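Here the structure is laid out as structure tokens; the discussion comes afterwards.
Predicted model, so just to flag it, every value in this text is computed and none were measured. Hydrogens, waters and symmetry mates are skipped; everything else that's a heavy atom, side chains included, is used. All residue numbers refer to positions in the sequence shown, counting from 1.
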Amino acid sequence: MKLISFKHSLIACGVLLTLGACDTDEKLEVKGDGVVLEQDFYRNETEAYSGLVAAYDKLGKFAGAMENAPLLFLNSASDDFYAGGGNSGDQPGLQVASNYTVSQFNIPPAIWADYYKGVARCNVMIQKLPEIPMDATKKARFMAEVKALRAYYYFDLVRIFKKIPLILTPLTKDEIPLVVQVAPEAVYAQMEKDLREAINDLPVTIPSNESGRFSQGAAIALLGKIYLYDNKKSEAAAELAKVNGPTPGGTSSYGYKLLGSFADLWNHSNKFNTESIFEITYSDKSNADWGNFERGDDEGNVAAQLMGMRDYSRTDAGKAAGLPDYINGWGFIVVTTDLANALKTDPRFASTIFDANAAKAAKQITFTDSYNETGYHFIKYAAVNADIKATNPFLNFGINTYVIRLADTYLLEAEALGGTGARAQALLDAVRARVGLGSVPVSLDAIYAERRLELAGEGHRWFDLVRTGQAGAKLAFKGFTVGKNEAFPIPYSEFNNTKMVQNDQYDN
């Protein structure tokens with residue numbers, strides 16, 4: 001399934017405080033302003049499918065936006081990256097995350113709004129689906145998918161913002177002023193309920209023409225991860241074991257298996273491989289351009305452009321040495337020296353980090369320094385000139401991103417097991433053996449260290465530091481304040497006409 005495959009007829013869909021548009025292929029009678037009202041839609045299976053695709057659509061914001069992209073924002077906030085860019089004012093939402101000057105007035109508001117638009121589209125589907133005349137099996141699958149998607153959106157919302165509203169039905173304008181937040185425990189309980197209800201109605205395998213949709217394995221992996229964050233470790237270990245399989249390093253009953261080569265994960269044509277559990281699809285075939293980009297036509301991986309080196313060019317010596325023909329990027333997400341040193345002797349370095357300073361010293365490349373330049377640049381999602389296939393390539397790179405992959409779930413299960421025992425040891429060993437590293441005694445510290453090296457730049461590190469209580473020490477050099485920065489501030493615009501309250505220490 002192409003996650004964003006609609007033409008430009010619009011359906012009005014309510015979100016918390018903003019209106020989100022859902023696209024559709026269906027030709028409808030429309031008002032003069034080009035808007036089809038939600039109550040006139042969802043009449044048949046075709047329109048239900050359009051609503052399903054609209055619910056998936058906001059997944060693309062993960063790497064398909066600029067400072068509003070969670071991947072970029074969370075990497076900037078971690079100890080592994082600086083925001084970078086051209087200067088201290090370039091994409092200011094990333095800069096304030098990187099130096100912990102973030103406030104309710106300068107946090108990119110679309111991070112909150114985009115996730116709630118995703119929630120709203122799921123809520124509409126959950127309300128409308130029971131009355132739509134369509135095949136019962138498809139209906140059950142659609143319902144399972146939107147429940148899994150709602151859990152996904154809420155999982156990032158509660159981890160990023162902590163105090164959030166739990167909205168389970170479409171809001172009327174009279175209900176908006178009554179919106180309040182709930183305890184995080186209530187959000188976790190709802191996510192777990194949604195996923196438990198969804199799992200049995202999801203397919204075990206996904207045909208290639210539907211790649212990107214939720215499978216049973218993806219929902220189980222997400223549930224296991226949510227259980228771990230909810231401190232339900234035995235439940236987490238049980239769910240994660242289902243996707244990991246009985247023999248770490250072998251093939252699970254869902255067909256998941258670690259790729260033989262770590263580098264193969266970052267071959268951008270190797271999509272939906274055996275290690276991929278849940279993956280976001282991006283396309284180089286959209287019509288995205290600056291005129292329509294922020295209105296939602298964001299099918300391409302924009303993060304790939306932002307993370308590319310500024311003014312990168314190979315010399316003849318660089319070409320002879322076979323250095324990659326990277327695009328000229330915008331220089332964001334500069335690798336910290338600390339991460340580079342941690343990976344320097346690790347086999348995963350070459351697929352994670354490009355040592356631009358060494359190549360420049362060897363007169364193999366030229367490039368322009370980014371803000372907070374270290375000479376190390378992140379390359380897992382790096383685009384090369386051969387990837388340019390659209391009129392406006394900046395917004396149209398068809399490079400997918402992993403949300404959950406098998407090495408992640410191996411390490412999560414090992415952690416859920418307490419970082420001890422033969423099973424936890426085997427899970428850790430399998431991740432290391434794949435890159436040619438020997439066994440080290442399993443422990444929580446060993447698992448945390450392995451997660452950093454294995455998953456660098458994939459959007460997990462900031463969450464891991466907060467979840468494990470390491471953020472205060474690891475992020476002190478960036479200005480992280482314990483008791484405050486474990487959650488980000490809710491955008492100021494969201495307080496208009498509601499009863500919501502700001503997160504602690506962000507109310508000035």
For the pair Y154 and Y116, name the ring-plane relationship: parallel under 30°, tilted 30 to 60°, perpendicular over 60°.
perpendicular

Would you give the length of the straight line joining atom [atom1] of [X] to atom [atom2] of [Y], rounded to the nearest 0.5 angstrom?
X    : Y    : atom1 : atom2 : answer
E415 : L427 : CD    : CG    : 12.0 Å
Y100 : S76  : OH    : OG    : 9.5 Å
K58  : D156 : NZ    : CG    : 14.5 Å
F488 : F73  : CZ    : CZ    : 4.5 Å
Y448 : L411 : OH    : CG    : 11.5 Å

Within 6.0 angstrom of Y492 OH, more than 12 heavy atoms from elsewhere
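Open.
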
Under 6.0 Å from the NZ atom of K271, do we count more than 12 heavy atoms belonging to anything else shown?
yes

Trace of the ring-ring contact (aromatic ring centres under 6.0 Å, His included) decision for Y282 with F397
CA-CA 7 Å; Y282 293 96; F397 284 109; over 10 Å; no

For [X] versus [Y], what's the shortest heavy-atom pair and its separation?
X    : Y    : result
A340 : I353 : CA-CD1, 3.9 Å
N400 : N301 : O-ND2, 4.5 Å
A424 : G419 : CB-C, 4.3 Å
L74  : G459 : CD1-O, 4.1 Å
A221 : L240 : O-CD2, 3.9 Å
G217 : Y256 : CA-OH, 3.4 Å

Has [X] got a side-chain atom pairing as donor or acceptor with [Y]'s backbone, closer than 3.5 angstrom?
X    : Y    : answer
D80  : L339 : no
E450 : D445 : no
Q425 : V442 : yes
R310 : D369 : yes
E486 : K484 : yes
K61  : Y115 : no
K233 : L417 : no
E299 : N396 : no
T315 : K363 : yes
Y152 : L59  : no

For D264 and N270, test the side chains for any donor-to-acceptor distance below 3.5 angstrom and give the result as yes or no.
no

Donor on one side chain, acceptor on other, Y402 and E275, under 3.5 Å:
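No - no donor-acceptor pair under 3.5 Å links their side chains.
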
A cation-pi test, strictly: NZ or CZ of R314 under 6.0 Å from the centre of the six-membered ring of Y312 and no more than 45 degrees from its axis. Yes or no?
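No - R314 does not lie over the ring of Y312 by the 6.0 Å and 45° rule.
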
Between Y82 and Y371, ring centroids under 6.0 Å
no

So, W462 versus F81, ring centres under 6.0 angstrom or not?
no

Test: [X] and [Y] ion pair at under 4.0 Å:
X    : Y    : value
D79  : R461 : yes
K474 : D338 : no
K117 : D57  : no

Tell me, please, which residues at least two apart from R451 pass salt bridge (Lys or Arg N to Asp or Glu O under 4.0 Å).
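Scan of R451 (salt bridge (Lys or Arg N to Asp or Glu O under 4.0 Å), adjacent residues dropped) gives D408, D464.
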
All salt bridge (Lys or Arg N to Asp or Glu O under 4.0 Å) counterparts of E373, not counting sequence neighbours:
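In terms of salt bridge (Lys or Arg N to Asp or Glu O under 4.0 Å), with neighbours along the sequence ignored, E373 is linked to no residue.
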
Do the side chains of [Y] and [X] get nearer than 4.5 Å, heavy atoms only?
X    : Y    : value
Q305 : P393 : no
F272 : T281 : yes
L157 : V119 : yes
F332 : D90  : yes
L475 : N485 : no
L52  : R213 : yes
I404 : T409 : yes
Y56  : I280 : no

Applying salt bridge (charged side-chain N to carboxylate O under 4.0 Å, His left out) between E454 and each of K380, R348, R432, report the one that passes.
R348

Does Y376 have any ring-ring contact (aromatic ring centres under 6.0 Å, His included) partners at least two apart in sequence or in another chain, and if so, which?
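Expected list: none.
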
Determine the sole option in T368, N328, T366 for which the side chain to side chain donor-acceptor pair (under 3.5 Å) test with D311 is passed.
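The option that passes is T368.
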
My understanding is that only one of R467, K225, R452 makes a side chain to side chain donor-acceptor pair (under 3.5 Å) with H460; could you say which?
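Going through the options one by one, the only one that passes is K225.
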
Ring pair (Phe, Tyr, Trp, His ring centres under 6.0 Å) partner of Y326, chosen from F378, F354, F367
F354

